[in-house]
Q: 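So that we are looking at the same thing, I have put the structure below in structure tokens.
Naming convention: chains lettered A, B, ... in sequence-line order (proteins, then strands); numbering from 1 in each chain.
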Amino acid sequence: MTSITPQRQIPASKRVLLMATCLCDAFFDSAAKATVEILESVGCEVLFPDGQTCCGQPAFNAGDWVASRKVIRHFAKVFAGNEPIVVPSGSCAAMIFHGALLAFENESDKATIQALANRTWELTDYLVNGLGIKEWKGIFPHRVAFHRSCHTRGTGSADAAQQLLQSIRNLDLLTVGEAEQCCGFGGTFSVSFPVLSQKIGELKLQHLTENKPDYLASLDLGCGIHIGGLLAKQASSLQVLHVAQILRDAQLNNQRFITQ
Amino acid sequence: MKTFQQIDIATQELDPEVRASVYKTGKLKIETRQKVLARDFGSRTDKIRETAGLIKQHTLEHLDQYLEQAERVLIKNGVKVHFAADAKRANDIVFDIMRCNNATKVVKSKSMVSEEIGLVPYLESNGMEAVETDLGEFIIQIDDDHPSHIVSPIIHKNRRQIAKSFEREGLGDYNDDPSVITRRARKHLRNKFMLADVGITGANLVSAESGRIVLLTNEGNARFSMAPARIHIAIVGVEKLVPRDRDLAVFLNILTRSSTGQQLTVYTEFICGPRNPGQKNGPEQMHVIFLDNKRTEVLASECREILRCIRCGACLNVCPVYRQAGGHAYRSVYPGPLGAVLSPLLAGEQFPQLADLPKASSLCGACHEVCPVNIPIPDLLLRLRNKGKEMGVAHAQKGTPDMTAWSLLATHPTAWNTALQLGHAMNYTPESILNSIPSASAWLSSRSLPEFRGGQFRKWMKKRK
Ligand code: SF4
């Protein structure tokens, strides 16, 4: 599909600003930790601007662009600088490099937001297309079903993530039917349209679990919270992991294997 | 499950059999589309989609110029050209043409624009006979129903229901064999074709260069409706124009492949004007009615890209919401992602009534990915959500959590951090907050939230330094 990512400079230094996302702040600290650990393992210096909150997406999608712009402006202030901004979420990254541009198309500080957009990367896109990492050294002896989250459409992320996962030893990357279909989350959509959201989600789950995975993997914990929530209600023990967690665990497994 | 949004309620109430058939058809068409495009165009597919989008966008941005050009050449070809500002005017023009020519019988081929202006009911209520000749539309007509898809109008019906309707209409004993149904419709319609005074069509594309009107059908009914009739009337949305004949090739290559997965439809007509003096068959008169009906308002809006639409139906077929809700849930002539943008806009002052449609989307972008004219539908949905919010349309906001408190927190880091930590300490979990919102408790009836771990990551990060 037509690309929605801006023309980005390949970053010169390996200093990055981490945008952990509000979902990691509230629920998924393990995914944010894994993100820090894998970035450091490839030689990045990871800075965490303390004033960060959210990318502005909830209000943007809810149609409240006035509220959303406030949050985006706050984001721009907190993430000022030249370093790449790395986000372990396809959806929050796309909010900054695509959504924010829409929200600011008639605003006077549009240029600031464009500059912000040009520095923002989803994590695996940054690893593969920013740093040029083509394979991931590690072992992960499990069957993994990868959910191609919707906000990675038109970006390099889904291909990047699958390239990395595929290169991990013993990782069995399963095929998933109707991979282009949504999980039904959509942020506030899942709250205001619970019937649709549930039906779409259950269908997605069928496709994801068809080939008996040990884990589900995603670049977006929004999808993760939704799919995981459906699984929990069904009393399933299947876990949704962020791709960063698999990359990190694969590395750890590798080190254990070497030291043994 | 308690739910408040109209589309969500309609989804809950939809007959599971209908849902299954919409889903199956949509899935099949999308898979065929994918296969055919990959086989014929491979990685050039996106380039073609983008080119088609650019041609249409260019035409729209110079629409006045191309409309004039088309008018001039159509007149030269012997066509009478009319402009209709709205639905009523378009219907009146058709009626006047018929009255002046002592015509009472119309055969119509499938056209969404005639649905939009309510042409058939209008003609019927004015004493004319108007018969739909596309098989699907014919079934819709005898059932007094509405199409639920822009290409496959009866996607929501199964053959048992159709067989019953045929029996009721005296078209033969109950028989649900599709070939029998088709044969019976054919026999019935053949008479209508032969006796009609007027054939009414839409247009898939119009070349401003030559005035060529392109009609695509699989059943040949558009062609047949023009052969015996004295008069051909084409009702055309102004956005159907493309600059040159050679541009038609781009659209012919991408439209049907996107729509049904065919390389071309079975019948492709290029009509330049009425019958030539020496020609044996064909209408003596040809009229083209260019319809505005709020299109110039859409053109002036921030959602003008939607006018590129060539009505292929791919966005409906791929849409996870359309697949679950079906077309009637959209309460308008144009359903699916296309309709969620276009219908509220065409509603003009009635926009608020349909302001909930743009919200019925997870913004997944599958529609944009398949659209042959590369319309960024999710962006347009978002702009309309913003518009609905600015206009303060209350029903569209139902169930959407208010963002004021959230944006306050999200712009005050100290408060944000405190909220995260306090929430953690007091077990003031989002789950308990959510449960107090009625629509959110519906969410929780089928999903649960993970353990709340507010502030944990920040603590860990601090310790590392
Ligand atoms: S919006 Fe695009 S995909 Fe949808 S019907 Fe129109 S042309 Fe087809």
Side-chain angles (χ1 to χ4, degrees), chain A residues 1-2 20 22 24-29 32-33 36 48 50-54 56 58-65 67-68 70-71 73-74 78 99 102 150-151 153-154 178 180-182 184-186 188-201 203 225-226 228-230 232-233, chain B residues 1 3-5 7-8 11-12 27 46 49-50 318 320-321 324-325 359-366 368-369 374 379 382-383 385-386 388-389 398-401 403-404 406-407 409-411 413 416 420 430 437 439-440 442-443 446-458 460-461:
Chain A
M1 111 159 216
T2 314
C22 59
C24 284
D25 238 353
F27 299 108
F28 302 111
D29 51 319
K33 288 176 195 167
V36 173
F48 180 80
D50 213 31
Q52 63 179 274
T53 56
C54 170
F60 178 67
N61 287 357
D64 191 345
W65 288 19
S68 178
K70 283 187 194 148
V71 180
R73 286 199 176 98
H74 173 78
V78 172
L102 274 184
C150 293
H151 284 151
R153 256 184 249 272
E178 296 196 34
E180 89 289 349
Q181 287 285 314
C182 174
F185 178 59
T188 52
F189 167 78
S190 69
V191 178
S192 26
F193 296 84
V195 176
L196 275 164
S197 168
Q198 183 191 343
K199 288 197 184 303
I200 298 169
L203 195 62
I225 212 167
H226 183 65
L230 284 167
K233 268 281 172 299
Chain B
M1 196 189 292
T3 182
F4 299 93
Q5 285 291 334
I7 295 193
D8 215 38
T11 306
Q12 200 165 31
K27 180 174 184 303
D46 279 338
R49 289 174 52 248
E50 285 163 20
V318 82
V321 171
Q324 297 293 339
K359 302 204 83 167
S361 162
S362 65
L363 301 171
C364 78
H368 182 189
E369 198 166 45
N374 199 27
D379 293 357
L382 281 158
R383 289 198 180 113
R385 288 181 185 189
N386 181 42
K389 169 80 185 168
K398 260 193 222 164
T400 305
M403 292 294 158
T404 323
W406 167 86
S407 69
L409 270 185
T411 46
W416 177 272
L420 281 174
I437 310 171
S439 56
W443 199 94
S446 57
R447 283 147 285 205
S448 48
L449 280 174
E451 184 199 349
F452 188 67
R453 297 182 52 82
Q456 295 299 301
F457 171 67
R458 289 179 191 241
W460 177 85
M461 197 68 194

Q: Is the shortest heavy-atom distance from the side chain of B:Phe457 to the side chain of A:Phe28 under 4.5 Å?
A: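 Not touching, per the 4.5 Å side-chain cut-off.
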Q: Where does A:Leu196 contact chain B at under 4.5 Å (heavy atoms): side chain, backbone, both or neither?
A: both
Q: Minimum heavy-atom separation for B:Ser362 and A:Phe189, please, with both atom names.
A: CB-CD2, 3.7 Å
Q: What part of B:Asn386 gets within 4.5 angstrom of chain A, counting heavy atoms only: side chain, backbone, both, or neither?
A: both
Q: Do you know which two heavy atoms are closest between A:Val195 and B:Asp8, and how far apart they sit?
A: N-OD2, 2.9 Å
Q: At a 4.5 Å cut-off on heavy atoms, which part of A:Ala67 comes close to chain B: side chain, backbone, both, or neither?
A: both
Q: Hey, are the side chains of A:Arg153 and B:Cys364 touching, using non-hydrogen atoms and a 4.5 Å cut-off?
A: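 Yes, side chains in contact.
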Q: Using modelled atom types and a 3.5 Å cut-off, is there a donor and acceptor pairing between side-chain atoms of A:Gln181 and backbone atoms of B:Val318?
A: yes
Q: Can you tell me how far apart CG (B:Leu363) and NE2 (A:His151) are? Round to the nearest 0.5 Å.
A: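 Taking CG in B:Leu363 and NE2 in A:His151, the distance rounds to 5.5 Å.
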Q: What pair of heavy atoms forms the shortest contact from A:Pro194 to B:Thr3, and how long is it?
A: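 Heavy atoms only, the tightest pair is CD-OG1, 3.5 Å.
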Q: Counting only non-hydrogen atoms closer than 4.5 Å, does B:Gln12 touch chain A with its backbone (N, CA, C, O), its side chain (CB onward), both, or neither?
A: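 Interface part for B:Gln12: both.
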Q: Stepwise, does the side-chain contact (heavy atoms from CB on, under 4.5 Å) test hold for B:Val321 with A:Ile200?
A: CA-CA 8 Å; B:Val321 171; A:Ile200 298 169; 4.1 Å; yes
Q: B:Asn374 versus chain A, heavy atoms under 4.5 Å apart: side chain, backbone, both or neither?
A: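 The side chain, not the backbone.
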Q: Which bit of A:Val36 comes within less than 4.5 Å of chain B, counting heavy atoms only: side chain, backbone, both or neither?
A: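 Contact with chain B: side chain only.
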Q: I need the B:Lys359 NZ to A:Phe193 CZ distance, nearest 0.5 Å.
A: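 The NZ atom of B:Lys359 sits 7.5 Å away from the CZ atom of A:Phe193.
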Q: Among A:Cys54, A:Ala20, A:Cys24, single out the residue with the greatest number of heavy-atom pairs under 4.5 Å to chain B.
A: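 Most heavy-atom pairs under 4.5 Å with chain B: A:Cys54.
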Q: Between A:Glu178 and chain B, with a heavy-atom cut-off of 4.5 Å, which part of the residue counts as in contact: side chain, backbone, both or neither?
A: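 Just the side chain, heavy atoms under 4.5 Å.
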Q: Could you give the distance from CG (A:Leu102) to CZ (B:Arg383), rounded to the nearest 0.5 Å?
A: 5.0 Å
Q: Can you tell me how far SG of A:Cys22 sits from CG of B:Leu409, rounded to the nearest 0.5 angstrom?
A: 11.0 Å
Q: Chain A: which of B:Lys389, B:Arg385, B:Glu369 shares the most heavy-atom pairs with it under 4.5 Å?
A: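 So the answer, after comparing B:Lys389, B:Arg385, B:Glu369, is B:Glu369.
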Q: A side-chain contact here means heavy atoms from C-beta on lying under 4.5 Å apart; do A:Asp50 and B:Arg458 qualify?
A: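 In short, these two side chains touch, coming nearer than 4.5 Å.
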Q: Shorter than 4.5 Å, heavy atoms on both sides: which option in A:Gln52, A:Lys33, A:Lys199 has the most such pairs with chain B?
A: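 Result: the option with the highest number of such pairs is A:Lys33.
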Q: For the candidates A:Ser68, A:Pro58, A:Gly201, A:Gly184, which exhibits the highest count of non-hydrogen atom pairs separated by less than 4.5 Å from chain B?
A: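 The residue among A:Ser68, A:Pro58, A:Gly201, A:Gly184 with the greatest pair count is A:Pro58.
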